[in-house]
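Everything quoted here is computed from the prediction, not taken from an experiment. Quick note: numbers below take in every heavy atom, side chains included, and nothing from hydrogens, waters or symmetry partners. Both counts, for ligands and for their atoms, begin at 1 and track the order of listing.
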Amino acid sequence: MSNRNVGCWIFAYGSLIWKPEFPYLTKRVATLEGFTRRFWQGSIDHRGMPGAPGRVVTLVKDPNGSCEGLIFGVSDARREEVLNALDVREKGGYERNVYSVTPRGSTGTKVEALVYRAGPSNPNFLGPADIESIARQVSSSCGPSGNNLEYVRNLHESLRDLRIWDPHVTKLAMALETIGVN
Ligand code: SIN
């Protein structure tokens with residue numbers, strides 16, 4: 001379909017990939033340069049609880065890195081409603097940014113996309129940990145949106161279906177398998 005009616009693009013790299021829960025006109029795989037996807041954000045409102053946070057993804061600045069995800073094209077008419085709902089959903093530390101992303105197969109033409117990113121100064125940011133510790137935390141966390149394991153599993157399977165290769169997500173899925181919970 002053409003992009004003519006698209007009022008804004010939303011770049012998704014975590015739960016928004018498999019559970020956008022907003023109306024969109026079109027979607028495609030796209031790459032964001034300069035960031036990598038990491039399970040470094042604590043979740044106390046979706047996949048964990050206050051005092052027992054789960055771990056969800058954010059984007060970490062990495063000049064040599066990139067993150068592949070999906071862009072969703074939203075109509076101008078639905079833009080405000082969609083962004084208001086996403087601001088509530090992503091309120092646990094994520095802020096709306098505008099970054100240039102490259103759609104797959106676009107021969108380098110970039111589009112501007114809105115991106116929810118949880119930066120290192122937000123109160124729920126957990127930062128790096130070895131993959132086994134992240135796996136243990138994931139395996140024992142649960143929140144109002146479901147258990148943390150389901151988040152990892154859905155992300156891992158969605159990326160595989162989209163032919164997106166992310167070693168960090170794959171290593172975490174393997175670590176969960178090793179400790180016998182995946
Ligand atoms: C996203 O999916 O783009 C943001 C992070 C999340 O909600 O998991």
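- Between the side chain of Arg55 and the backbone N or O of Phe39, at least one donor-acceptor pair lies under 3.5 Å.
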Less than 3.5 Å apart, which donor and acceptor atoms pair up between the side chains of residues 11-24 and the rest of the protein, not counting sequence neighbours?
{"unit_1": "Tyr13", "atom_1": "OH", "unit_2": "Tyr116", "atom_2": "O", "d": "2.5"}
{"unit_1": "Ser15", "atom_1": "OG", "unit_2": "Arg89", "atom_2": "NH2", "d": "2.9"}

- Task: Report the C-alpha separation of Glu90 and Arg96 in whole Å, then their side-chain angles, then the decisive distance to 0.1 Å, and conclude whether the salt bridge (Lys or Arg N to Asp or Glu O under 4.0 Å) test is met.
- Result: CA-CA 9 Å; Glu90 303 294 324; Arg96 224 196 274 168; over 6 Å; no

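- For ligand 1, the protein residues placed under 4.0 Å by at least one non-hydrogen atom are Phe11, Ala12, Tyr13, Gly14, Ser15, Leu16, Glu90, Tyr94, Tyr151.
- Using a 3.5 Å distance cut-off with no hydrogens or angles, the side chains of Gln41 and Asn122 do pair a donor with an acceptor.
- Residues passing the side chain to side chain contact (heavy atoms under 4.5 Å, CB included) test with Thr109, sequence neighbours excluded: Ser106, Thr107.
- Applying the side chain to side chain contact (heavy atoms under 4.5 Å, CB included) rule to Ala85 yields no partners; only residues at least two apart in sequence or on another chain are considered.
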